[in-house]
Amino acid sequence: MSFASITTEEKRRVLGEFTEVKADFASRGWFAGTGGNLSMRIGPYSPDEFYFAVTASGKDKTRSTPEDFLFVDQDGRPCEATALKPSAETSLHREIYRLTGAGAIFHIHSVFNNLVSEWFWERRAVPIQGVELIKAFNIWEEDAAIEVPILTNYADVPRIVPEITERLDPRVPGLLIRKHGVCAWGKDAFEAKKHLEAFEFLFEYVYRWELLSKK
Ligand SMILES: CSC[C@@H](O)[C@@H](O)C(=O)COP(=O)(O)O
Ligand SMILES: [Zn+2]
């Protein structure tokens, strides 16, 4: 299987869906200061060979232009001639695809995800228990408890990758990077978006609950 065998129609479908998700997230204020990056996988998958569309680095992601995305392979190399640079955080997306076979990964910065990542840093995870929206992760047990891993925010992004390898919990489709943001994923764009919305709701809940319960 090579990138060349992926049809133009399929590329258009992925980029169309990708454009919609990006505009939706922009309308929620999730790309402050060019922060955040998105990716969607395309074509067949094996852990050693896969392709994905990823946002170009440093762009104003609240705008829609013909230069918003490029296709890269499992090593982060562009699949087509382009002047665009893949996201500076492409190595994180690559590792999550390699470990999970997900169909889409969305990374955003928000005040609540930054706050909880610092509040629970000593524990290296955000504990969440018994909140209904845990079911968005397809976890249905009574009073379910999850721990969302928090990773070190190394300036040299590839240094974060071994922490993903070590800490990713197959039950929990997301992880936090300390005082930086969240990565959430799912089998397709619909599911990755559902998971991201659920994480953001849960982080705000946890933050507010911490404040209330300290009073
Ligand atoms: C300018 S904000 C932060 C960036 O360094 C980074 O964290 C980010 O999410 C966006 O980087 P990008 O290379 O545009 O995908
Ligand atoms: Zn980021």
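The structure displayed is predicted, hence computed values, not measured ones. Just so you know, ligand 1 is whichever comes first in the structure, and atom 1 is the first atom listed for that ligand.
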Can you tell me which N/O/S atom of H107 has the shortest distance to the Zn ion (ligand 2)? NE2
Just jot down the ligand 1 atoms closer than 4.0 angstrom to any heavy atom of K61, in number order. 10 (C), 12 (P), 14 (O), 15 (O)
Salt bridge R98-E95, side-chain N to carboxylate O under 4.0 Å: yes
In ligand 1, which numbered atoms sit nearer than 4.0 Å to a non-hydrogen atom of G58? 12 (P), 13 (O), 14 (O)
Within-cut-off N or O pair, K59 and ligand 1, under 3.5 Å: no
Which of the numbered atoms in ligand 1 are below 4.0 angstrom from a heavy atom of S87? 12 (P), 13 (O), 15 (O)
Test log, rule side-chain hydrogen bond (donor to acceptor under 3.5 Å, both in side chains), inputs S117 and N114: CA-CA 5 Å; S117 74; N114 274 246; 5.5 Å; no
Name, closest N/O/S atom of H109 to the Zn ion (ligand 2): NE2
Give me the one residue out of F50, F3, Y51 that meets side chain to side chain contact (heavy atoms under 4.5 Å, CB included) with D73. Y51
Is the ring pair H180/H107 parallel, tilted or perpendicular, if the boundaries are 30 and 60 degrees? perpendicular
Can you list the steps and then say if T90 with F52 is a side chain to side chain contact (heavy atoms under 4.5 Å, CB included)? CA-CA 10 Å; T90 300; F52 56 101; 3.8 Å; yes
Among N, O or S atoms, E89 approaches the Zn ion (ligand 2) most closely through OE1
Just jot down the ligand 1 atoms closer than 4.0 angstrom to any heavy atom of N37, in number order. 8 (C), 9 (O), 10 (C), 11 (O), 15 (O)
For the residue pair S46 / D48, report whether a side-chain donor-acceptor contact shorter than 3.5 Å exists. no
Output the list of atoms in ligand 1 that are nearer than 4.0 Å to some heavy atom of H107, sorted by atom number. 9 (O)
Could you list the atoms of ligand 1 found under 4.0 angstrom from a heavy atom of G36? 8 (C), 9 (O), 10 (C), 15 (O)
Would you say ligand 1 has an N or O under 3.5 Å from any N or O of G33? no
Determine the minimum heavy-atom distance between V182 and E200, stating which atoms define it. CG1-OE2, 3.6 Å
With a 4.5 Å heavy-atom cut-off, do L92 and I177 have their side chains touching? yes
Quick one: does H109 get a heavy atom under 4.0 Å from ligand 1? yes
G35-ligand 1 polar pair, N/O distance under 3.5 Å: no
Which ligand 1 atoms does A88 reach within 4.0 Å, using its non-hydrogen atoms? 12 (P), 13 (O), 15 (O)
Consider every N or O of A56 and every N or O of ligand 1, then say whether any pair is closer than 3.5 Å. no
Taking the cut-offs as 6.0 angstrom to the six-membered ring centre and 45 degrees off its axis, would you call R124 and W121 a cation-pi pair? yes
Does ligand 1 have any atom that is closer than 4.0 Å to a heavy atom of T55? no
Contact between R12 and T7 at the side-chain level, heavy atoms closer than 4.5 Å - yes or no? no
Heavy-atom count around R171 CZ within 6.0 Å, excluding the residue itself: above 12? yes
Closest to atom 6 (C) of ligand 1 among protein heavy atoms sits E89 OE2, 3.1 Å
